[in-house]
Amino acid sequence: MSLSAEPPPDGLTQAGRPHKRSRRTVLITLCLTQIVSWGVLFYAFPVLVGEITTDTGWSATAVTLAFSGGLIISAIVGVPVGRWLDHRGPRVVMTAGSSLAAATVPAIALAPTLLWFAVAWSIAGVAQALVLYKPAFAALTGWYTEHRVRALTTLTVVAGLSSTVFAPLTAALASNVGWRGTYLVLGIVLAVVTIPAHAIGLNRPWPGVTRLSGHALDSLAGAATAKAVMRSPSFICLAGAMALATFALFAATFFLVPMLTGRGMDIRTAAWALGLSGAGQLLGRFGYGTLARRTGPTLRAVLILTVGGFAIAATAVISAPAAAVFVVVTILGAARGAFTLLEATAVTDRWGSAGFGALYGVFSAPSTVAIAVGPAAGAWLAGRFGGEFPLFAMLAILMLAAALAINLDHAARRARDGRTSHS
C-alpha cells in the first residue's frame with residue numbers, strides 16, 4: 001500500500017504550481033518556438049534585404065524602415081499585450097500571435113508595392129509582440145517563480161541559436177526560390193511548428209496575478225498596483241536606463257565590423273570578431289545565474305552596464321593585435337548576453353511577479369524602440385560626427401550614464417527610505 005498522495009489534477013502541485021515535468025514541457029515548447037519565431041520574424045530579414053531591394057527596386061532605406069516600423073509597432077502593442085498576458089495567460093496570447101504571424105509572413109512575401117510591404121511588416125510587428133521574448137519571459141516568470149533565472153537562461157541560450165539556424169537556411173532558400181519564395185516557405189514552417197506547439201505545449205493552468213513574494217511585498221510598499229509602480233520614479237529611471245543600454249549594445253554590435261575594417265582589419269578577421277562576440281553572449285548568459293546569486297539587483301545592473309561600457313570603449317581604442325581585439329569583443333558579447341537576462345529579471349527582482357505582464361510590457365517598450373532605431377540612428381551619428389570611432393565613444397558614454405543613473409536612483413531610494421523610517 002502506497003502512502004504517497006495522488007498528484008493533483010491538471011499538472012499542478014499541492015501549492016498550485018505546475019509539476020517539474022509540466023514546467024519542463026513549457027520550457028521545451030518555448031525554446032522551440034522562440035528559435036522559429038525569431039528566425040522567421042527577425043533574422044531572415046537581414047539576409048534577404050539585399051535581394052528584396054534588387055528584385056523590387058525599392059530603396060534599402062525604405063525597406064529597412066518598413067522592418068523597423070514593425071519593431072516600433074511591436075513596442076507599442078506590447079503594452080496592452082502585457083495586460084492580456086496577466087489575465088489570459090501565454091497560451092491564448094502566443095497561439096493567437098503564431099496564427100497572425102503565419103498569415104502575415106505570406107503577405108510580406110506577396111507584397112506588390114512598398115506600401116503593402118510596410119503595412120505587412122506593421123502587422124508582423126503586432127505578431128512579434130505576441131510571440132517573441134516578452135510573452136515567453138512572462139510565461140517562464142509565472143510558471144517558474146523562484147526558479148525563473150535558470151529557465152530564462154536556458155531559453156535565451158537556446159533562442160540565441162536562432163540566427164545560427166535560420167541565417168544559412170534563409171540564404172540557401174533564397175538562392176533557390178528567391179526572397180518571396182523564401183518567406184512563403186518560412187511562413188509554412190512557422191505555422192506548422194509554432195501554432196500547435198503554443199496551443200498544446202502551453203496548455204497549463206495559469207497562476208494569475210495574485211502571487212507576491214516577500215521581496216515583492218517589500219518593494220511594493222506604498223505602490224499597491226502595477227499602475228502605481230509604472231508611475232514611480234525608480235521604474236521610469238530603470239526603464240530609461242535599460243533603453244539607453246539596449247541602444248548602445250545593439251548599435252555597437254551592428255557596427256562592429258565597419259568599426260574594425262575601418263581601422264584596417266581585413267573583413268575575414270572582423271567577421272571572426274563578430275562571431276566571437278556572439279559566442280561571448282552565451283558565456284554571459286551562462287554566467288548570469290552565478291552573478292544573480294551573489295549580487296543584488298542594483299549592483300548587478302551597474303556591474304553589467306559598466307563592463308559593457310568599458311568594453312565598447314576598448315573596442316574603439318584597441319586595434320591590434322587581433323588576439324587583444326578578440327578578447328575585448330568577447331567581453332562585449334558577454335555583457336550583452338548577461339544584459340538580456342538582466343532586462344528579463346529587472347522587474348521581478350524589484351517589484352515581484354504580481355502583474356508582471358503589464359509591468360514588463362511598459363518596461364521593455366523603450367528598449368524595443370531602441371533596437372528598432374539603432375541601425376538608422378547609429379549610421380546618422382557616425383555620419384554626423386565623423387565615423388565609427390566617435391560613435392563608439394558616444395555609445396560607451398551612454399552605457400556608463402545608464403549605470404550611473406541606476407546607481408543614483410538606488411541611492412535616492414535609500415535616502416527616502418531612511419527619512420521615512422525616522423519620521
Side-chain angles (χ1 to χ4, degrees), residues 7-8 10-13 15-42 81-82 85-86 88-98 101 128-166 189-190 192-208 211 213 281-293 337-338 340-349 353 356-357 360 364:
D10 296 323
L12 291 182
T13 66
R17 297 174 182 172
H19 284 300
K20 288 183 178 179
R21 183 180 300 175
S22 179
R23 292 190 306 187
R24 193 177 299 118
T25 299
V26 167
L27 181 57
I28 292 171
T29 296
L30 290 174
C31 286
L32 174 63
T33 60
Q34 287 299 295
I35 287 177
V36 176
S37 297
W38 275 102
V40 176
L41 296 175
F42 191 91
V81 165
L85 276 162
D86 284 336
R88 301 300 300 273
R91 183 194 183 203
V92 174
V93 172
M94 301 189 79
T95 303
S98 294
Q128 288 171 339
L130 295 166
V131 299
L132 294 183
Y133 270 159
K134 289 181 184 180
F137 287 168
L140 294 183
T141 298
W143 275 312
Y144 273 81
T145 59
E146 67 272 15
H147 303 293
R148 61 184 177 273
V149 171
R150 183 178 299 176
L152 290 168
T153 299
T154 301
L155 178 69
T156 55
V157 167
V158 175
L161 299 173
S162 180
S163 59
T164 305
V165 174
F166 275 86
V189 172
L190 186 144
V192 169
V193 173
T194 65
I195 295 176
H198 286 148
I200 299 171
L202 303 183
N203 186 21
R204 304 291 183 273
W206 181 237
R211 184 191 309 110
S213 65
Q281 290 190 54
L282 296 180
L283 295 176
R285 289 169 184 173
F286 279 125
Y288 183 83
T290 300
L291 184 64
R293 289 190 295 271
T340 301
L341 287 166
L342 176 69
E343 187 193 32
T345 58
V347 170
T348 48
D349 284 345
S353 58
F356 174 78
Y360 190 67
S364 60

Gap separating the [atom1] atom of [X] from the [atom2] atom of [Y], nearest 0.5 angstrom:
{"X": "Phe166", "Y": "Leu161", "atom1": "CZ", "atom2": "CG", "answer": "11.5 Å"}
{"X": "Arg293", "Y": "Leu291", "atom1": "CZ", "atom2": "CG", "answer": "10.0 Å"}
{"X": "Thr25", "Y": "Ile28", "atom1": "OG1", "atom2": "CD1", "answer": "6.0 Å"}
{"X": "Phe137", "Y": "Thr348", "atom1": "CZ", "atom2": "OG1", "answer": "11.0 Å"}

Can you tell me if [X] uses its side chain to pair, donor with acceptor, with the backbone of [Y] under 3.5 Å?
{"X": "Arg204", "Y": "Val26", "result": "no"}
{"X": "Trp143", "Y": "Arg148", "result": "no"}
{"X": "Gln34", "Y": "Val131", "result": "yes"}
{"X": "Arg91", "Y": "Ala199", "result": "yes"}
{"X": "Thr194", "Y": "Thr33", "result": "no"}

**Asked** Is there a donor-acceptor contact under 3.5 Å linking the side chains of Tyr133 and Ser364?
**Response**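 Judged by distance alone, the side chains do not pair up.
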Could you tell me whether the side chains of Arg150 and Thr153 share a donor-acceptor contact shorter than 3.5 Å?
->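 No, because no side-chain N or O of Arg150 sits under 3.5 Å from a partner of the opposite role on Thr153.
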Does [X] reach the side chain of [Y], with side-chain heavy atoms less than 4.5 Å apart?
{"X": "Lys134", "Y": "Leu85", "answer": "no"}
{"X": "Leu202", "Y": "Leu30", "answer": "yes"}
{"X": "Leu190", "Y": "Leu41", "answer": "yes"}
{"X": "Tyr144", "Y": "Val149", "answer": "no"}

If you take all heavy atoms of [X] and [Y], which pair is closest and at what distance?
{"X": "Met94", "Y": "His198", "result": "O-ND1, 3.2 Å"}
{"X": "Ile35", "Y": "Ser162", "result": "O-OG, 2.7 Å"}
{"X": "Leu155", "Y": "Ala136", "result": "CD2-CB, 3.9 Å"}
{"X": "Pro90", "Y": "Ala139", "result": "CG-CB, 3.4 Å"}
{"X": "Ala151", "Y": "Leu27", "result": "O-CD1, 3.7 Å"}

For this session: Step by step, work out the side chain to side chain donor-acceptor pair (under 3.5 Å) result for Thr345 and Tyr288.
Result: CA-CA 11 Å; Thr345 58; Tyr288 183 83; 2.8 Å; yes
